[in-house]
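First the structure, in the form of structure tokens, and then the observations on it.
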Amino acid sequence: MNLKQVSEDFEKNGLAVVKGFASAEECEAMRDEMKKICEGLKADEIHCFETESDRNDYFTESGDKIRFFFDPDAKASKDELVKSAFTSLNKVGHALHTHPGVFHEIVTAPKTKEVLRAINLKKVCVPQSMFIFKQAKFGSAVPPHQDSTFLHTSPTQTVVGLWLALEDATEDNGCLWFIPGSHKPYKNESKREKLDHAFMNRVPTSDGSVRTEYRLGTSKEYYESCDFTWIPAQVKKGDLVLIHDMVHHKSLPNHSNKSRNIYAWHLFESSEATWDSDNWLQYPEGKSFMEFSTE
């Protein structure tokens with residue numbers, strides 16, 4: 001691993017690729033484990049996921065659980081979706097990393113800690129992890145966004161996304177696209193009071209339940225008038241992508257015959273920041289995020 005180059009790319013572009021991070025065997029082990037997890041799906045767990053929408057209880061209470069979110073373009077009956085879950089789901093999240101096995105092992109592996117040290121992370125908390133399917137033929141697009149819209153820390157933003165390709169990710173099957181250097185103007189500042197910025201947070205209601213609010217701000221106008229150039233981040237199976245929480249990124253629909261499975265997790269530098277209490281993702285009282293030193 002050329003971690004000096006990775007560090008330089010991450011600082012300059014807001015996105016960096018660690019080539020050959022995971023072996024083909026590790027990638028297939030994660031895909032096989034997800035197939036086993038999908039076998040436990042029940043018909044009453046049919047919920048769809050869309051990036052720019054308010055969240056229901058099934059979603060907002062999924063932080064410490066393994067829950068199933070179907071692609072909105074997976075057109076079939078509930079029974080059919082259950083039978084074909086591995087080829088119909090949008091994602092499974094958000095606590096895969098907390099269970100013993102391959103998903104936990106890759107998050108805490110010595111080589112992962114080595115990568116985190118290269119981008120100056122010393123002690124990290126891991127709030128969430130996801131298996132994202134990007135199904136062949138109908139894997140839906142992910143609109144342009146910044147992870148800092150959805151995941152907030154204080155006093156500064158220290159969130160980093162790790163995105164492990166379990167299959168080749170190409171322009172044909174919906175690879176990531178990003179705007180190099182687009183993280184730099186934000187200076188890791190909170191977007192909470194910047195009303196022109198997109199922002200999602202959880203809001204208690206009078207009946208004791210929790211809902212989310214999504215503020216779009218002027219982000220759509222920004223993307224429509226943006227003079228920057230979107231760059232595809234095509235990667236090979238086993239490559240690990242590091243994503244700064246302020247970099248603008250997206251993915252296009254997958255109309256190809258090949259899926260684009262990935263395993264992703266988000267973490268933050270917990271020696272310098274804390275997890276905001278109005279993040280959509282919260283653990284129940286008495287439970288804590290996974291935390292570890294990168295040494």
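For the numbers below, each heavy atom of this structure counts, side chains included, while hydrogens, waters and symmetry mates do not.
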In the hydrophobic cluster built from side-chain contacts under 4.5 Å, what are the other members alongside Leu195?
-> none
Hey, quick one: are Leu166 and Val241 part of the same hydrophobic cluster, counting side-chain heavy atoms closer than 4.5 Å, chains of contacts allowed?
-> no
Using only heavy-atom distances, determine whether the side chains of Thr170 and Asp172 contain a donor-acceptor pair under 3.5 Å.
-> no
His145 and His248 side chains, donor-acceptor separation under 3.5 Å | no
Side chains of Arg260 and Asn254: do they bring a donor and an acceptor to under 3.5 Å?
-> no
Between Phe292 and Leu116, is a side chain to side chain contact (heavy atoms under 4.5 Å, CB included) present by the stated rule, with each step listed?
-> CA-CA 11 Å; Phe292 58 85; Leu116 297 178; 4.3 Å; yes
Establish, yes or no, whether the cationic atom of Lys194 lies under 6.0 Å from the six-membered ring centre of Phe199 and within 45° of the ring axis.
-> no
N-O pairing of Arg117 and Glu114 below 4.0 Å | no
Quiz: residues 127-137 side-chain donor-acceptor pairs under 3.5 angstrom, not counting sequence neighbours:
{"residue": "Gln128", "atom": "NE2", "partner": "His266", "partner atom": "ND1", "Å": "2.8"}
{"residue": "Ser129", "atom": "OG", "partner": "Leu96", "partner atom": "N", "Å": "3.1"}
{"residue": "Ser129", "atom": "OG", "partner": "His97", "partner atom": "N", "Å": "3.0"}
{"residue": "Ser129", "atom": "OG", "partner": "His97", "partner atom": "ND1", "Å": "2.7"}
{"residue": "Lys134", "atom": "NZ", "partner": "Ser140", "partner atom": "O", "Å": "2.7"}
{"residue": "Lys134", "atom": "NZ", "partner": "Ser251", "partner atom": "OG", "Å": "2.8"}
{"residue": "Lys134", "atom": "NZ", "partner": "Leu252", "partner atom": "O", "Å": "2.8"}
{"residue": "Gln135", "atom": "NE2", "partner": "Phe86", "partner atom": "O", "Å": "3.0"}
{"residue": "Gln135", "atom": "NE2", "partner": "Leu89", "partner atom": "O", "Å": "2.8"}
{"residue": "Lys137", "atom": "NZ", "partner": "Asn257", "partner atom": "OD1", "Å": "2.8"}

Between Trp280 and Phe150, is the gap from one ring center to the other below 6.0 Å?
-> no
Val102 with Val115, same ILVMFWY side-chain cluster at under 4.5 Å = yes
Would you check, one step at a time, whether the test side chain to side chain contact (heavy atoms under 4.5 Å, CB included) holds for Ile262 with Lys91?
-> CA-CA 10 Å; Ile262 66 113; Lys91 72 174 185 175; over 6 Å; no
State whether the number of non-hydrogen atoms from other residues, nucleotides or ligands found under 6.0 Å of Lys250 atom NZ is greater than 12.
-> yes
Please determine, by modelled atom types, if Thr156 and Glu272 share a side-chain donor-acceptor pair under 3.5 angstrom.
-> no
Would you call Lys258 and Asp168 a salt bridge, using N to O less than 4.0 angstrom?
-> no
Expected list for residues 7-15: side-chain donor-acceptor pairs under 3.5 angstrom, two or more places apart:
{"residue": "Ser7", "atom": "OG", "partner": "Ala118", "partner atom": "O", "Å": "3.2"}
{"residue": "Glu8", "atom": "OE2", "partner": "Lys4", "partner atom": "NZ", "Å": "2.6"}
{"residue": "Asp9", "atom": "OD1", "partner": "Gln5", "partner atom": "NE2", "Å": "2.8"}

Is Lys35 atom NZ crowded by more than 12 heavy atoms from other residues, nucleotides or ligands, each under 6.0 Å away?
-> yes
Side chain Tyr263, main chain Phe103, donor-acceptor under 3.5 Å = yes
Assess whether side chain to side chain contact (heavy atoms under 4.5 Å, CB included) is satisfied between Ile106 and Lys111, documenting all intermediate values.
-> CA-CA 8 Å; Ile106 199 71; Lys111 62 182 177 182; 4.0 Å; yes
Do Val17 and Trp230 share a hydrophobic cluster (ILVMFWY, side-chain heavy atoms under 4.5 Å, transitive)?
-> no
To the nearest 0.5 Å, what is the distance between CG (Leu281) and NE2 (His94)?
-> 7.0 Å
